[in-house]
Amino acid sequence: MKLPESFYVADDVVAIARALLGKVLVTAFNGELTSAMIVETEAYAGVTDRASHAFGGRDTPRTRVMYRQGGIAYVYLCYGIHHLFNVVTNIEGFPYAVLVRGVEPLDGIDVMLHRRNKEKLTNTLTAGPGALSEALGIKTMHTGISLQSEQLYIEDRGFKIAKADIVASTRVGVAYAREDALRPYRFCVRDNPYVSKGKGL
DNA sequence: CAAACGATTTTCT
DNA sequence: GAAAATCGTTTGG
């Protein structure tokens with residue numbers, strides 16, 4: 001059920017971003033199982049993509065995990081508050097990653113509500129990269145851990161997303177990336193309420 | 001060693 | 001719909 005390492009090591013990050021729609025992200029920290037179906041992703045295409053942290057081959061303590069072999073988590077802090085969860089892809093030396101921007105809650109909803117200080121389930125629980133990371137308990141300390149571990153992994157539960165229901169658009173919050181901001185690297189499930197509002201489709 | 005900047009969310013008007 | 005909050009990472013001196 002768990003996606004095999006070969007899924008992540010493939011070299012087409014855009015294809016992986018698409019394929020992740022409908023897959024299930026699972027975390028099991030401190031014995032608290034939570035899971036959610038991925039409904040929105042963005043591809044970050046390595047050294048040639050101005051929107052990527054690894055653009056131009058930038059190699060810093062933060063971005064280093066992106067250069068490792070695919071199949072691990074890249075988590076980093078944005079705006080000093082939000083933990084953003086990415087999946088590292090491709091083989092060692094190629095810093096490609098997929099940002100997960102929206103998920104639909106499946107298991108452990110009570111745990112997620114508690115982590116987010118919420119009373120009832122609404123789409124704001126897990127719509128948006130910072131929100132879903134908090135709901136699933138993912139923090140920067142989890143950066144670099146394997147997606148084959150028992151604490152954090154992605155599995156296929158057989159949910160199928162019809163090709164016609166996958167919408168491609170431009171990425172959110174990357175206006176500074178100039179011409180690369182126009183790349184159609186954002187993928188969401190049509191009409192799913194857990195897709196972040198970032199901007200219109 | 002100091003300064004600027006976000007792959008965002010929340011809250012208030 | 002707009003603006004503030006907030007701090008680790010990166011970059012320049």
Side-chain angles (χ1 to χ4, degrees), chain A residues 8 13-14 16-18 20-21 25 36 38-68 70 72-90 94-105 112-144 147 154 167-189 193-201:
Chain A
Y8 305 103
V13 70
V14 174
I16 294 174
R18 270 178 179 278
L20 281 174
L21 294 178
L25 177 59
I38 297 171
V39 298
E40 180 179 0
T41 60
E42 282 182 2
Y44 283 85
V47 299
T48 62
D49 182 355
R50 301 185 95 88
S52 170
H53 290 158
F55 171 69
R58 231 176 333 168
D59 178 29
T60 67
R62 181 178 66 159
T63 61
R64 195 146 298 148
V65 307
M66 284 205 285
Y67 290 83
R68 291 169 54 188
I72 61 176
Y74 169 46
V75 185
Y76 89 100
L77 194 65
C78 186
Y79 290 88
I81 313 174
H82 308 290
H83 302 262
L84 272 59
F85 170 73
N86 302 249
V87 175
V88 176
T89 69
N90 217 307
F94 293 83
Y96 285 60
V98 176
L99 169 68
V100 178
R101 296 189 49 86
V103 298
E104 178 174 327
M112 292 193 257
L113 287 171
H114 183 68
R115 284 181 181 143
R116 299 264 293 132
N117 282 316
K118 288 183 173 297
E119 297 288 320
K120 58 183 200 146
L121 178 61
T122 68
N123 67 307
T124 61
L125 180 67
T126 54
L132 73 89
S133 297
E134 184 174 30
L136 292 169
I138 298 171
K139 308 239 186 18
T140 55
M141 61 169 291
H142 300 117
T143 201
L147 296 178
I154 297 173
V167 183
S169 61
T170 53
R171 292 171 293 184
V172 175
V174 295
Y176 63 87
R178 297 160 50 171
E179 69 272 19
D180 287 324
L182 301 177
R183 299 196 197 197
Y185 282 180
R186 178 188 182 206
F187 301 99
C188 2
V189 176
Y194 294 94
V195 169
S196 72
K197 295 295 181 283
K199 73 178 143 178
L201 295 180

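Chain identifiers are assigned alphabetically (A, B, ...) following the order of the sequence lines, protein sequences preceding nucleic acid strands; residue numbering begins at 1 within each chain. Heavy atoms only: backbone and side chains are in, while hydrogens, waters and symmetry mates are out.
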What contact category does [X] fall into here, base, sugar-phosphate, or nothing, at under 4.0 angstrom with non-hydrogen atoms?
| X | value |
| --- | --- |
| A:L99 | base |
| A:R50 | nothing |
| A:A51 | base |

Please give, in whole Å, the distance from [N] [atom2] to [X] [atom1]?
| X | N | atom1 | atom2 | value |
| --- | --- | --- | --- | --- |
| A:D59 | C:dT9 | CG | P | 15 Å |
| A:H82 | C:dA4 | NE2 | C1' | 11 Å |
| A:L84 | C:dC7 | CG | C1' | 14 Å |
| A:L77 | C:dT10 | CG | P | 12 Å |
| A:K197 | C:dA2 | NZ | P | 17 Å |
| A:Y176 | C:dT10 | OH | P | 13 Å |

Interface limits on DNA chain B, where chain A has a heavy atom under 4.0 Å of a nucleotide atom: B:dG6 to B:dT10
Nearest-0.5 Å distance that lies between atom [atom1] in [X] and atom [atom2] in [Y]:
| X | Y | atom1 | atom2 | answer |
| --- | --- | --- | --- | --- |
| A:Y185 | A:R171 | OH | CZ | 7.0 Å |
| A:T41 | A:L21 | OG1 | CG | 4.5 Å |
| A:Y8 | A:L20 | OH | CG | 7.0 Å |
| A:T124 | A:K118 | OG1 | NZ | 3.5 Å |
| A:S196 | A:E40 | OG | CD | 3.5 Å |
| A:Y74 | A:Y67 | OH | OH | 10.0 Å |

Using a cut-off of less than 4.0 Å, is there contact between a side-chain N or O of A:R58 and OP1 or OP2 of C:dT10? no
A:E179 atom CD: more than 12 heavy-atom contacts under 6.0 Å: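 Counting other residues, nucleotides and ligands, CD of A:E179 exceeds 12 neighbours.
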Are A:E134 and A:R116 close enough for a salt bridge, meaning some N to O gap below 4.0 Å? yes
Kindly indicate whether the side chain of A:E42, heavy atoms from C-beta on, has any atom under 4.5 Å from the side chain of A:P129. no
Please list every stem that involves DNA chain C, where a stem is a run of 3 or more consecutive Watson-Crick or G-U wobble pairs with both pairing distances under 3.5 Å.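 Consecutive-pair runs (3 or more) involving DNA chain C: B:1-6 with C:7-12, B:8-12 with C:1-5.
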